[in-house]
Novice: 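To start, I am sharing the structure in question, which I have written as structure tokens.
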Amino acid sequence: MARSHDMTSGSIWRSLLGFSIPIMISNLVQSTYNAVDMLFVGRFTGTESLAAVSVCGPILNVMIITLSGMSAGVLVVISGLLGAGDIKQAQDAAHTSVALYALMAAVMTVLGLLFVPQILRLVQTPAAAMPEAKRYLYTVFAGTVFTFGYNLIGALQRGLGNATASMSFVIISSAANIALDAVFIVWLGMGAFGAALGTVLSQVAAFVIGTVQFARGGAALRLSARAMSLRISSPATSPSWLSLCRILTTAILPFTPSRIWSSCAWCWI
């Protein structure tokens, strides 16, 4: 269960700033994982480890863009339904979101683990850095479910108008990533694998903290494992299908040619 924050009354500017600033901070902090890894690896390991982490950056950026789009879709759908006072459809949309995220996480995990060598060759990974890059990317893809999970919890929190809650566990996760990088890279000398392991474990922590925080937040949304389905057999006009279409439509928006180019083009330079 999670508490809803009413943004339909009071000062418009206070509501907008109180909602948008935590989201901007969350997005900024989330984008620093790879940069922090590169900082530690570049300072305390060899050039092969640094090259391995750096070539994986654009690949992680594509994942972040995907999650940003999906999170925006969840936010738009759930906040709109709650603002209209339709709690039942908001809960249905939340269940659809959980099922969609679980499906996407499973697909990305399987495809990622199967095609790591091909992906690294596509981004022109230097031969000397290939072993370290494989270890880094295998580890990141193995933890995809937690990356998707904590982003989903954050999207649901923001859909309820509680952007500060989602920001808090993203910041905790980032702090944990820095601490774990120090342990795995500086003290244990684990190189690129240590950087990836620190990132995944910090996201596990964010997922656990976010889930507990969401469950204890109040009674605006009540999620049930039995209701978490995309309901493929339902009519195309059912609330589940309509919520799914709206989420996916919003999720497509970040995938403009300019965004994809800015994230990946330098790999081929």
Novice: Heavy atoms only: give me the nearest Val116-Gly112 pair and the separation to one decimal.
Specialist: CG2-O, 2.9 Å
Novice: List the atom of Tyr33, the atom of Ser174, and the distance in Å for their closest heavy-atom pair.
Specialist: OH-N, 3.8 Å
Novice: Please report the shortest heavy-atom distance between Met63 and Thr147, naming the atom on each side.
Specialist: SD-CG2, 4.2 Å
Novice: Are the side chains of Thr164 and Asn162 in touch, meaning some heavy atoms are under 4.5 Å apart?
Specialist: yes
Novice: Using a 4.5 Å cut-off on heavy atoms from C-beta on, say whether the side chain of Tyr101 contacts that of Ile153.
Specialist: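 No - every pair of side-chain heavy atoms lies 4.5 Å or more apart.
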Novice: Val53 and side-chain contact (heavy atoms from CB on, under 4.5 Å): which partner among Val36, Val41, Leu60?
Specialist: Val41
Novice: Can you name the closest pair of heavy atoms from Thr109 and Thr144 and give their distance?
Specialist: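 Taking every non-hydrogen atom into account, OG1-CB, 3.3 Å.
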Novice: If you group Ile, Leu, Val, Met, Phe, Trp and Tyr by side-chain heavy-atom gaps below 4.5 Å, do Met108 and Val200 land in one group?
Specialist: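 The answer is yes; both residues are in one hydrophobic cluster.
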Novice: Give me each pair satisfying side chain to side chain donor-acceptor pair (under 3.5 Å) with a member in residues 185-201, each pair once, sequence neighbours excluded.
Specialist: Asp37-Thr199, Asn177-Thr199
Novice: Check Ile185 against Gly191 and note the closest heavy-atom contact, atom names and distance.
Specialist: CG1-O, 3.8 Å
Novice: Going by atom types alone, do Gln203 and Ser173 pair a side-chain donor with an acceptor below 3.5 Å?
Specialist: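 Side-chain D/A pair, Gln203 to Ser173: absent.
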Novice: Please determine whether residues Phe207 and Leu197 belong to a single hydrophobic cluster, defined as Ile, Leu, Val, Met, Phe, Trp and Tyr linked transitively by side-chain heavy-atom distances below 4.5 Å.
Specialist: no
Novice: Considering residues at least two apart in sequence or located in another chain, which fulfil the side chain to side chain contact (heavy atoms under 4.5 Å, CB included) criterion with Leu188?
Specialist: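 Leu188 satisfies side chain to side chain contact (heavy atoms under 4.5 Å, CB included) with Val183, Phe184, Met190 only.
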Novice: Considering non-hydrogen atoms only, spot the tightest contact between Pro126 and Val55 and give its length.
Specialist: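 Closest pair (atom of Pro126, atom of Val55, distance): CD-CG1, 4.1 Å.
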Novice: Are Met167 and Met24 connected in a single hydrophobic cluster, I mean Ile/Leu/Val/Met/Phe/Trp/Tyr linked by side-chain heavy atoms less than 4.5 Å apart?
Specialist: yes
Novice: Counting only N and O atoms by type, is there a donor-acceptor contact under 3.5 Å from the side chain of Ser54 to the main-chain atoms of Ala51?
Specialist: yes
Novice: Under 4.5 Å between side-chain heavy atoms, hopping through other hydrophobics if needed: is there a path connecting Ile64 to Ile171?
Specialist: no
Novice: Applying a strict under-4.5 Å side-chain criterion to I, L, V, M, F, W and Y, I'd like to know whether Ile59 and Met38 cluster together.
Specialist: no
